[in-house]
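First up is the structure itself, then whatever we jot down about it.
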Protein chains: 2
Amino acid sequence: MSTARQLAPATRDGSASRRVAAGIREAIAHGELPPGSRLRQEEIAERFGASRVPVREALKELEIEGLVTLVANSGAWVSQLTMRECEEVYQTRERLEPLLLHYSAPHLSADDLDAMDALARAMAETEDVVEFLRLDREFHMLSYSGGETLMLGDLVRRLWNTTQQYRRAYTMLVDVHAQRIVHDEHRHIVATLRDGDVEGAAHTVEGHIRRTRRMLAAHPEIFTPTG
Amino acid sequence: MSTARQLAPATRDGSASRRVAAGIREAIAHGELPPGSRLRQEEIAERFGASRVPVREALKELEIEGLVTLVANSGAWVSQLTMRECEEVYQTRERLEPLLLHYSAPHLSADDLDAMDALARAMAETEDVVEFLRLDREFHMLSYSGGETLMLGDLVRRLWNTTQQYRRAYTMLVDVHAQRIVHDEHRHIVATLRDGDVEGAAHTVEGHIRRTRRMLAAHPEIFTPTG
DNA sequence: ATCATTGTGATTGGATGCAATGACGTCTAT
DNA sequence: ATAGACGTCATTGCATCCAATCACAATGAT
C-alpha cells in the first residue's frame, strides 16, 4: 500500500534499524534536528520507509548513545546538554582521545599523515562553518582510524556526536579566522606523529580538547536555560 | 494462553525492555550465561513473560553496551573478550574512574566513607569468591555514587559489566587471601578521601586498576582462544 | 473567574503473524 | 567414500494490529 515501503525493498538483512539510526544521527549532526526536537515514531518510519518496530529499535540505540532522550509513554526528543554536561563530555574526551591515539598512531601510514595535513590546510582556508566542522571531524577521526579497538573508537565517536551541535553553535558565533590556534595545534599533531612522538601528539590532543572545553564554557549562551 | 504472561500483568509503563535487559545483564554478571552463550529471542521472551519485541530492544541495548554480540539473521551471543580487548577496557577504566571519582568525592558523606570502610573490612574476611566480587563492586560503586554525571557513571558501570566474567575467572584462580594488596589499596582510598585528598585517591584508584589489568594479563588462560 | 474533572484524540507500548534468511541434515553423483 | 547440491526446519526481521497511557481541551462546580 505505502509507496515509501517499495523504495526499501525487503532487504531483510537486519539493517533497517541501523539505517534508521544512522539517518537520525546524521540529521541531528547536520542540525536538521536541533536539541529538544520531538521525534515521532510514525513520522520517522515514513521518512525511512520502514515500520515503527525498527524505528523504536533505532531510538533505543540512540538513547543509549545519549543522542536521544526517551520518556515512557510520552515520546522521544533530541537530547539537550547543559553547559555542565557538555563539560563532562569534554573532560571524558580529554582522557580517552589521547589513549585512542596511542592505539591508532602506530598504524597510521605516511599517506594518512599526508591526508591529515591536507585536511588541516583546507580547514585554514575555508570560510564555511559547516565545511570547517566537517574537516575538523575528519582530521581527528583519520588520526584515530588506525586503532582497531573494541569500543574505544565507537565511544569517542559517540562523544563527538553528542556535542556536535554545541560545537557548531560556538563556531558560528566566533570568527572562523580567529581559530588560528586550532590550525597550529593540528599542524603540531601531524608533525609530532611524523616524528613518531606519540606521547607528544597525545599531549597536544589533550590540550586541544581542554582548550576547546574552556572556549565553550566562556559562551554559556549556547546552552539550554539550565546551564 | 501463556501463564508466564500473567505474572507480568500489563504494566505498560515502557519498562518491559528495560526489565528484560536488566535480567539478562544480571544473568551474565552472575555467570549463569557465560561468554559465547546463545541467546534465543523466544526463550528469553518466555522467561521474562514478554513478547519478542521488548526482548529485541533489550538485546539491542545490551549490544550497544557491549555485553551481547548481535549478528543479523543469525542470532545473539554473550560477548567474548580477548585478552587484548579486556586490556582495552581496563585502560579505559584507568582513565575514566579517576575522573569519575573527582565528580563523586566532594559529595560523599561521612556515612558513605564509613560504609566503604565496612565493605573493605568485610572483603578482607570473606572466603567466598562471589561475595568477594560483590563487595568489591559495591565498594567502588559507592565511591562513585556521589557523582551526578550525565554519562560517566553509566559508562563506568558498563565497563565493569563487560569484564565481570573475567574478574570472576581470575579471582577463582588465585587464592582470595593472596589479595592482601587489594585491601591495602581500598583502605588507602578511604583514608585519602577522608583527608579530602581527592587527587591522591584518584591516583590510587588508577594504580589499583592498572595493577589488576596486569594481573589479568598474567593469566591468558582465562581468555578465549584468540588471546 | 478559577480550578478541578472528565472525555476525546493522538501516540506510544506490546503482541501476534508472516516472509525471509541461514543452519543443518540428507541424498546423489563422481 | 567424499564432496556438492538440495530440501527442510528452526529462528530471526519486519509489518500489522490492538490496548494502554498521556496531553489537552471542553465542561461543570465552587
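Since the structure is predicted, the reported quantities are computational estimates derived from the model, not experimental observations. Per chain, numbering begins at 1; letters A, B, ... match sequence-line order.
Here A:A76 lies out of heavy-atom contact (under 4.0 Å) with every strand. If you check every strand for non-hydrogen atoms under 4.0 Å, B:R18 touches nothing. Within 4.0 Å (heavy atoms only), B:L70 reaches no atom of the nucleic acid at all.
The interatomic distance linking B:N73 (CG) with D:dA10 (P) rounds to 17 Å, in whole Å. Taking atom CZ of residue A:R52 and atom C1' of nucleotide D:dC17, one finds them 10 Å apart after rounding to whole Å. In this entry the distance linking CD of A:Q41 with C1' of C:dG13 reads 8 Å, nearest Å. Atom C1' of nucleotide C:dC18 and atom CD of B:E42 are separated by 13 Å, given to the nearest angstrom. Between the CZ atom of A:R56 and the C1' atom of D:dC17 there is a distance of 13 Å, given to the nearest Å. In this structure, B:F48 places its CZ atom 15 Å from P of C:dG14, rounding to the nearest Å. Per the geometry, CD belonging to B:E57 stands 16 Å off P belonging to D:dT12, to the nearest Å. Rounded to whole Å, atom C1' of D:dT11 lies 13 Å from atom CG of B:L59.
The side chain of A:R40 has C:dT11 as its nearest neighbour among D:dA15, C:dT11, D:dT12. Distances from the side chain of A:V53 to the nucleotides D:dT16, C:dT16, D:dC22 place D:dT16 closest. Of all nucleotides listed (D:dT12, C:dG14, C:dT12), C:dG14 comes nearest to the side chain of B:A16.
Inspection of the B:R19 and B:S15 side chains reveals no N or O donor paired with an N or O acceptor under 3.5 Å. For the residue pair B:D136 and B:H186, a side-chain donor N or O sits within less than 3.5 Å of a side-chain acceptor on the partner. In this structure, a donor-acceptor pair under 3.5 Å is absent between the side chains of A:E88 and B:Y103.
Within the 3.5 Å criterion, the main-chain N or O of B:L159 finds a donor-acceptor partner in the side chain of B:T162. Counting only distance, with no hydrogens or angles, the side chain of A:S104 and the backbone of A:L100 share no donor-acceptor pair below 3.5 Å.
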